[in-house]
Asks: 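Structure in structure tokens, see below.
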Amino acid sequence: MPQEIRVRIAPSPSGNLHIGTARTALFNYLFAKKHHGKFILRIEDTDMERSDNEYIKNIFDSLKALGLAWDEGPDVGGEYGPYSQSERFDIYPKYAQILIEKGYAYECFCTPEELDAERIFSQEKKIAHVYSGKCKNLTENEKEELRKQGIKPAIRFAVEAKNLIFDDLVKGELKFDTSLIGDFVIMKSNGSPTYNFAVVVDDILMKISHILRGEDHISNTPKQILIYEALGANIPEFGHLGMILAPDRSKLSKRHGATGVSEFVEKGYLIDALVNFVALLGWSPSDGVEIKTVDEIAQDFRIREVSSSNSIFEYDKLNWMNAQYIKKLSTEELKQKLLPFLGQYDLSELSENKFTRMVEVTREPLVILSDITDAVSYFFGESVEIEPEVQSEVLDKDVSQVVLKEVQELAKNWNFDDEDALHHTLEELRTSLKERSIKPKETMWAIRAAVTGRVKGADICAVLAILGKEKVLKRLNG
RNA sequence: GCUCCCAUCGUCUAGAGGCCUAGGACACUUCCCUUUCACGGAGGCGACGGGGAUUCGAAUUCCCCUGGGAGUACCA
């Protein structure tokens, strides 16, 4: 690869940063990193009606959170700006004009009605719809006449019929018959460029060397290559990634849960886990070790080895990976990340030390951060809600009643400030009750059920110590 | 309809003619550990969509079918 490697991600701010866009961004970033190139962010906000500043901010924030720092972009600037398409409006007509002068484009005065009629006609004949090209050979006089009628022309690219072949970085050789494309519009009659034209002009001007994007763009590629050729520009390398599909093999949409990166974060997914997971959709590590940092992945990344098929977004593995990343967090880091999910509790009930201890003993089964909300509920409040099954399966049993009666008295003298001591105390309790043929398990369950209202949860000694004598006694008697 | 892309366990994938009685990860499952849940450890279940062709030999190459996906706009 001779020239400088320059890749870009060009999201359109019509929604929060989509997980699919995030993956495309990641692969571009990985490719740039691997080849010591530049990663560029360009905002395609041409469609003013659907663009929103709030989404631009979301895209910035999400990309940053993902750790995908861009070298050039709307906020940081760069040599080839501006990087917001809305600020580049005046540069497109110029290039359209050049194409007209060189005979690669022409003005089209067809009305939407005429165009619709053509389309319906081809549909009925069951052939590929191709614009007839009837405006291609309009004389100057005819054009002048049309203009006088007040018709504003669009500009169409005159497509030459030929076989177009290119070597896709992930799909391999791709072939197209351009006669099936038809002369397409590059400038709308309102003066704004169409997507296919704007991207090419921007990519040429920004010296983009490699275009890695979703395979939904494959059919745009021949049109774009034609424009590159007509403009006499270097044609970049293309690589089309498979799509990310929902488990039902349809397009991933809100119906399937979160689609935006920020939504995953709000649900309690760790951004590192998300990136790692998404990298594994299409890419696989050469050493078989799946948990890796972005830098490690970049070292090992080879675009030509990326899978060319679509992949399905399954939560099972994401969940597993998220749990792995949670395990790697220090308790201090975890405490900070957990805070947003503990809003409904009065944290002042707990000292800093007890709060830390609580996190330590409840973190093990966490899959997503928001799991903490439920996992920790019995630590707060004076009384505790007893689950119905716990009541009938445990508390109502005679053994439990015996145990609790015993404990209610004994606990008054327990040392709740020392977890180790508590541990010994309970061990003694188990052995002594065992002599009265009460199983250790039954002893522990009875206490756990009465104090937490559940049959599962954190180490019971830690729970008792964190709750403290007052709350425990109250619950034992409640 | 037309054009294009894709096709290995349920899912993500390894595999680029013999190393494959197809490997790994997640999920599922059995057992162990254990005061519960979980974690962890040791096993198990489980796939080359179908049919031709090339070859001594095909998951790997070619063709057809089937299935899935995408595009088909003066949207991006």
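All figures in this text were calculated on a predicted structure; none of them were measured in a lab. By convention in this document, chain letters (A, B, ...) are assigned in the order of the sequence lines, proteins followed by strands, and residues within each chain are numbered from 1.
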Asks: Strictly by Watson-Crick or wobble contacts shorter than 3.5 Å, is anything paired with rG44(B), and which nucleotide is it?
Replies: rC28(B)

Asks: Would you say Asp183(A)'s side chain and Val159(A)'s backbone share a donor-acceptor pair under 3.5 angstrom?
Replies: yes

Asks: Under a 3.5 Å cut-off for both contacts, is rG57(B) paired Watson-Crick or G-U wobble with anything, and if yes, with which nucleotide?
Replies: none

Asks: When the P atoms of rA59(B) and rG17(B) are considered, how many whole Å apart are they?
Replies: 13 Å

Asks: Give the nucleotide from the list rC5(B), rU35(B), rU13(B) with an atom nearest to the side chain of Ser311(A).
Replies: rU13(B)

Asks: Which base sits across from rG67(B) as a Watson-Crick or G-U pair, both distances under 3.5 Å?
Replies: rC6(B)

Asks: Base of rC4(B), side chain of Ser219(A) - is there a donor-acceptor contact under 3.5 Å?
Replies: no

Asks: So does Lys223(A) get a side-chain nitrogen or oxygen closer than 4.0 Å to the phosphate oxygens (OP1/OP2) of rU3(B)?
Replies: no

Asks: Tell me if the aromatic rings of Tyr131(A) and Phe184(A) count as close, with their centers under 6.0 Å from one another.
Replies: no

Asks: What is the base-pairing partner of rA14(B), counting Watson-Crick and G-U wobble geometry with both distances under 3.5 Å?
Replies: none

Asks: Go ahead and name the base partner of rU36(B); Watson-Crick or wobble counts if both distances stay under 3.5 Å, otherwise write none.
Replies: none

Asks: Can you tell me, in whole Å, how much space there is between the P of rC39(B) and that of rC48(B)?
Replies: 31 Å

Asks: Ala154(A) or Lys327(A): which one's nearest nucleotide on RNA chain B is closer to the 5' end?
Replies: Lys327(A)

Asks: Whole-Å distance between rU35(B) C1' and Ile438(A) CD1?
Replies: 15 Å

Asks: Do side-chain atoms of Asn28(A) reach the backbone of Thr24(A) as a donor and acceptor pair under 3.5 angstrom?
Replies: yes

